[in-house]
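Quick note on labels: first sequence line is chain A, next is B, and so on, each numbered from 1.
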Number of protein chains: 2
Amino acid sequence: MQTLDHMQEKAVAASEFMKCFASPHRLMILCHLAQGEKNVSELIELTGIPQTSMSQHLSKLKNEGLVDFERDHRLLIYSISNPDVLKIMDAIYDIYCKEFIDDPDKK
Amino acid sequence: MQTLDHMQEKAVAASEFMKCFASPHRLMILCHLAQGEKNVSELIELTGIPQTSMSQHLSKLKNEGLVDFERDHRLLIYSISNPDVLKIMDAIYDIYCKEFIDDPDKK
DNA sequence: TTTTAATATAATATATTTATAATATCATAA
DNA sequence: TTATGATATTATAAATATATTATATTAAAA
């Protein structure tokens, strides 16, 4: 099985990538960024995550290459920089938000 | 954003699910099971993961509802019991094994 | 040029995960 | 029945991740 040999080589990298989605806080950050770029203060308000914790999560996501930011005066505007993130998010939405997606009228 | 409210409710469950893919060992176990059911000894031989560690990873995957097993005499045969696992695995293959999938002749 | 808003970094405590070692269970073969 | 193979469970140690507290940086406003 060559695909499996291939995965064996990539298993550490792939699992590091998956770890970025394996925290409720980071998952919510990525959900919000999937809707469009946001500055840090906006992300804090949207999620309720404390500033220091937010900064550390964003730092990890940046180091792992999932997000990037640009400065706008005093604001740092974060956005998803890796389209692979959306592939995983799509699968997660499909699994966890399907009822809603299938039936938009449902409250 | 109702989808986001929805995700907020599911964020803990979704991240618990994602944690199952966030370890190189579990990722390889799931890769092998994605190819078809395997007993524990086969999984140990295929992956090189020590018996105790294998048993614990399988236990976690079972508890989280990703896999199940049936007994065949002395063997426990594990298989993927949740189709959502394949949705995530497909995305991971797409991200990390695409070169191979796109060009099967490549060594 | 001092203050303030926005954000990051560092240090640390706490919790969680993972691996390892030892032992137990359970089914079958001898 | 006893021994053996297959696997699980328990206990514990080691590593990693997360949250918290305190402090630093940086840009802009006063």
Subject >> Interatomic distance where CG belongs to B:L58 and P belongs to D:dT7 [whole Å] >> reply: 10 Å
Original post:
Within a reach of under 6.0 Å around CD of A:E16, are more than 12 heavy atoms found that belong to other residues, nucleotides or ligands?
Top reply: yes
Original post:
Between the main-chain N or O of A:I49 and the side-chain N or O of A:S53, is there a donor-acceptor pair closer than 3.5 Å?
Top reply: no
Original post:
Closest nucleotide of DNA chain C for A:K19 versus for A:N39: which of these residues is on the 5' side?
Top reply: A:N39
Please list, pair by pair, any protein nitrogen or oxygen found under 3.5 Å from a nitrogen or oxygen in nucleotides 23-28 of chain D.
from: D:dA28; atom 1: OP1; to: A:H73; atom 2: ND1; distance (Å): 2.8

Original post:
Taking the side chain as C-beta and beyond, is there a heavy-atom pair between A:I95 and B:I88 under 4.5 Å?
Top reply: yes
**OP:** May I have the distance from A:I44 (atom CD1) to C:dA8 (atom C1'), rounded to whole angstrom?
**Re:** 11 Å
**OP:** Just compare D:dT20, C:dA6, C:dT20 and give me whichever is closest to any side-chain atom of A:S53.
**Re:** D:dT20
**OP:** In whole angstrom, give the distance that lies between atom CG of B:L76 and atom C1' of C:dT25.
**Re:** 11 Å
Original post:
For A:E45, does the CD atom sit with more than 12 other heavy atoms under 6.0 Å from it, leaving out its own atoms?
Top reply: no
Original post:
Is a side-chain N or O of B:R26 found less than 3.5 angstrom from the main chain of B:F21, in a donor-acceptor match?
Top reply: no
**OP:** Give the ring-plane orientation class for A:F69 versus A:Y78, where under 30° counts as parallel, over 60° as perpendicular and anything between as tilted.
**Re:** tilted
**OP:** Taking A:E9 for its side chain and A:H6 for its backbone only, find out whether a donor-acceptor pair lies under 3.5 Å.
**Re:** no
Original post:
Rounded to the Å, how far apart are B:E42 CD and D:dG5 P?
Top reply: 18 Å
Original post:
Of the candidate nucleotides D:dA6, C:dT9, C:dA19, which contains the atom at the shortest distance from the side chain of B:H25?
Top reply: C:dA19
**OP:** Whole angstrom is fine here: how far is it from NE2 in A:H57 over to P in D:dT20?
**Re:** 10 Å
Original post:
When the distance from CG of B:N63 to P of D:dT9 is rounded to whole Å, what number comes out?
Top reply: 9 Å
**OP:** Using only side-chain N and O atoms of A:Y78, determine if any of them is under 4.0 Å from OP1 or OP2 of C:dA6.
**Re:** no
Original post:
For the pair made of CD in A:E64 and P in D:dT16, what is the distance, rounded to whole Å?
Top reply: 14 Å
Original post:
Is A:D90 salt-bridged to A:K87, cutoff N-O under 4.0 Å?
Top reply: no
Original post:
Roughly how bent is the helix from C:dT1-D:dA30 to C:dA30-D:dT1 end to end, in steps of 10 degrees, with each end axis from five pairs?
Top reply: 0°
Subject >> Interatomic distance, B:D68 CG vs D:dT7 P [rounded to whole Å] >> reply: 15 Å
Original post:
Nearest 0.5 Å, what's the OG-CE distance between B:S41 and B:M54?
Top reply: 9.5 Å
